[in-house]
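Written below as C-alpha cells is the structure these notes are about.
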Amino acid sequence: MMMRFVNLLFQRGVLIAIVAVAWLLASSRVPSFVLPGPAKVWSALQMIAHSDSFLHDVGTTMGRVVSGFVLATLIGTPLGLALGSSKRLAVFFEPILAIFNTVSSAIWAIFAILWFGISDATTVFVVFMTAMPLILTNVWKGAQTVDHLYVGLAQSFRMSRLQILRKIYLPTILPYFFSGARLAFGFGWRVSLVAETLGSSDGIGYRLRQASDLVQSDQVFAWTALLIAMMLLLEAGVLKPLENRLFRWKTTAGAN
Amino acid sequence: MNAPASVLAAAAIGPAQTQQPPLQRDVIASAIAPAIALTQIGKHFDALEVLKDISFDVAPGEIVALLGRSGCGKSTLLNIIAGLLPPDRGSLRFHGQDASAYQGWRRIAYMFQEDRLLPWRTVRDNVMFGLESGRMRKSEQRKRADRALQLVDLEAFSSAWPHQLSGGMRSRVALARSLVIEPDILLMDEPFSKLDPHTRTHMHDELLRLHQITGLTIVFVTHDVEEAIVLADRVVVLEPRPGRIGEIVPLSPSLARPRHPTDIDVAEQVRILRLKG
C-alpha cells in the first residue's frame with residue numbers, strides 16, 4: 001500500500017519534470033506570444049491573483065455555472081423521473097431529447113446572445129441547456145432500473161406512493177443522478193467559458209478573451225492553469241469524497 | 001427457547017403496543033374467532049378462473065401450509081389474504097374483524113420468495129424499513145430493529161451491508177424485517193425456495209423456534225411436500241384449473257415434533273401426500 005503510493009508519487013514527479021523541461025525547451029525557441037515560458041506564466045499568475053477584479057471574475061463565473069447547474073437539476077430531475085415512470089411519455093418526448101443532445105453549446109451561446117444580450121442570463125442559459133439533458137437522461141435511465149420487487153416490498157408494508165418514491169426510487173436513481181450531475185457540471189463549466197467569451201463583460205471567459213485580444217499569451221496560459229487547478233481541487237476535495245460517502249454500500253468489501 | 005427475557009416479553013406484548021386501535025373491543029368474539037377465516041373466496045383474472053370456493057379457517061398460533069403445483073393459485077390466495085389483491089367473491093375475516101380494517105393495522109407480515117433486501121441499506125436499516133410506513137419515532141424504530149435482529153441471532157451484523165451476508169443470513173434478515181412489526185400473522189410465499197437444502201433445513205428450525213417464542217399464526221405457500229410436512233400443523237392441498245381445495249390434511253398433534261425428513265413417520269406422510277398429488 002505504502003510502496004504503491006510512493007511509486008505513484010515518483011511517476012507523477014517524473015511526468016511533471018518531463019512536461020516542464022519540454023515546455024522550457026520549446027518556449028526558448030519560439031516567440032513568447034506564441035508560447036510563453038514557465039517564469040512568465042508564473043508572474044502573470046501572480047499578477048492576476050493580486051488584481052482587483054480577480055475574486056469578482058472567479059465568483060461571477062462560479063455563480064453562473066452553479067445557477068445554471070442548479071436550474072438544470074431542479075428541472076431535469078422531475079422530468080427524468082416522469083419519463084422513467086411512464087413509457088408513453090418517454091416515447092413521445094424522445095425526439096426532443098435527441099435534438100437537445102445534438103445542438104452544440106456554441107449554437108446555444110449564439111441563441112442566448114440573440115435572446116438575452118450581454119448579461120448573466122446568457123451564460124446561465126448555455127450552462128442550463130448543456131447540463132439539463134445530461135441530468136434528465138441519467139435520471140431517466142436510473143428510473144428505468146428501479147426494481148419492481150422492491151416496490152412490491154414497500155407496498156406489502158403499505159407505504160404510500162410518496163414513501164415509495166423516497167425510499168425506493170430515489171436511492172436507486174441516486175448513482176445515476178450523480179454520474180449525470182458530474183458530467184453536467186464538468187460540461188457546464190467548460191461551456192460557461194465559451195458563453196462568457198461571446199456574451200459577457202466580466203468573468204473568467206471574458207478575461208481569457210481580453211488577454212487573447214491583447215496578445216497577452218502569458219495571461220491566457222495563467223488563466224488556463226488556474227482553471228485546471230480549480231477543477232482538480234473540486235474533484236478531489238468535494239466530488240470524490242461525496243461519491244465515496246454516498247455509495248459506501250457498493251464498495252465495502254467483505255470486512256465487518 | 002433460549003432467547004433473552006426481554007425478547008420474550010416483547011413478543012408477548014407485541015400486538016398491544018402497535019399504534020393502531022386495539023383488538024380488545026371485541027374481546028370475546030376474537031377470543032373464539034379463528035385467526036383467519038376464508039369463506040368461499042373466488043378470483044378471476046379476466047376470463048380465467050384462478051380460485052374457486054376456497055373456504056377454511058386458521059386457528060390462532062397454527063401453522064398452515066398451502067401446498068400445490070405451480071398454477072394452482074396458491075400465491076394468488078396468499079396475496080388475497082395479505083390484502084395485496086382483492087378477491088372477487090367470498091369473505092375474509094381476521095380474528096373476527098373485517099379484513100380491510102385488519103389489513104390496515106399492520107398486524108400481518110408478508111415474506112417474499114426473494115429476500116428483497118435493499119442493497120443501499122445496512123442490515124439494521126433494512127429491518128427498520130418494516131416500520132417506516134408508520135409514525136414511530138426513529139429511536140424506537142432502531143430499538144425494535146435491534147430486538148428483531150437479536151431474535152434471529154444477527155445483532156452482530158447490524159451495520160453490515162446485505163452483499164456481505166450469506167444466503168441464509170439474508171433470509172434471516174428478511175425474517176427479522178417481517179417480525180419487526182410484531183405481527184399476529186405471518187404470510188410466506190415460498191420463502192426458502194431459493195436457498196440450498198442445508199440452509200433451508202436450518203431456516204425451518206429457525207422459523208419453528210421463532211414460532212414457539214412468538215406464538216405467531218403462520219400461513220405459507222410451498223410446492224415442496226417435505227417442507228409442508230416438516231413445518232405445518234395442517235396442509236391445505238390445492239388443485240389447479242381452477243384453483244380449489246383438494247383436501248385438508250391434519251398433521252398435528254398426530255405427527256410429533258420435532259420432525260425430521262428422515263423420521264419414519266414423517267417420510268411415510270410425505271410418501272402418502274406425494275402419491276395423492
Side-chain angles (χ1 to χ4, degrees), chain A residues 73 77 80-81 84-85 135 138-182 239-256, chain B residues 19-20 75 78-79 81-85 100 102-123 125-136 141 154 156-166 169 174 177-178 180-181 183 186-189 194:
Chain A
T73 304
T77 308
L81 268 172
S85 56
I135 291 177
N138 273 274
V139 170
W140 175 18
K141 262 193 234 153
Q144 284 171 319
T145 65
V146 167
D147 194 333
H148 70 276
L149 292 184
Y150 297 152
V151 175
L153 173 76
Q155 281 164 344
S156 82
F157 284 115
R158 311 202 152 254
M159 286 191 172
S160 65
R161 294 184 74 129
L162 191 71
Q163 281 174 320
I164 292 174
L165 184 73
R166 254 183 39 222
K167 292 171 192 291
I168 306 294
Y169 272 75
L170 289 189
T172 308
I173 290 167
L174 196 62
Y176 291 86
F177 168 77
F178 198 80
S179 66
R182 216 161 140 175
L239 295 179
K240 201 73 207 159
L242 192 66
E243 188 174 24
N244 287 344
R245 162 101 190 110
L246 284 176
F247 307 124
R248 274 173 308 169
W249 56 273
K250 281 187 170 173
T251 47
T252 0
N256 185 60
Chain B
Q19 59 279 51
Q20 301 299 335
S75 292
L78 198 74
N79 284 334
I81 299 175
L84 299 175
L85 264 181
S100 56
Y102 196 91
Q103 284 156 345
W105 294 341
R106 303 196 173 95
R107 288 242 174 69
I108 304 175
Y110 191 97
M111 228 181 131
F112 294 93
Q113 197 168 356
E114 316 80 12
D115 55 58
R116 301 196 186 187
L117 300 185
L118 304 176
W120 57 82
R121 285 177 173 238
T122 61
V123 165
D125 287 351
N126 262 289
V127 175
M128 272 169 67
F129 187 78
L131 297 169
E132 288 173 8
S133 53
R135 291 226 173 78
M136 195 183 288
Q141 288 181 11
L154 280 179
F157 292 87
S158 63
S159 53
W161 301 100
H163 72 85
Q164 300 172 311
L165 306 182
S166 69
M169 287 160 95
R177 183 182 56 199
S178 301
V180 77
I181 64 170
L186 175 60
L187 307 175
M188 303 194 290
D189 187 4
K194 301 236 156 133

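At least one side-chain heavy atom of Arg106(B) sits under 4.5 Å from a side-chain heavy atom of Ser133(B). Contact check for Asp189(B) versus Ser75(B): side-chain heavy atoms found under the 4.5 Å cut-off.
Listed options Trp120(B), Tyr110(B), Phe112(B) were ranked by heavy-atom pairs under 4.5 angstrom with chain A; first place goes to Trp120(B).
Both the backbone and the side chain of Arg177(B) come within less than 4.5 Å of a heavy atom in chain A. Heavy atoms closer than 4.5 Å to chain A are found in the backbone of Leu117(B), but not in its side chain. Neither the backbone nor the side chain of Leu174(A) comes within contact range of chain B; no heavy atoms are under 4.5 Å apart.
The main-chain N or O of Lys194(B) is never found under 3.5 Å from a side-chain atom of Gln113(B) such that the two would form a donor-acceptor pair.
Residues Ser178(B) and Leu186(B) share a closest heavy-atom pair of CB-CD1, 3.9 Å.
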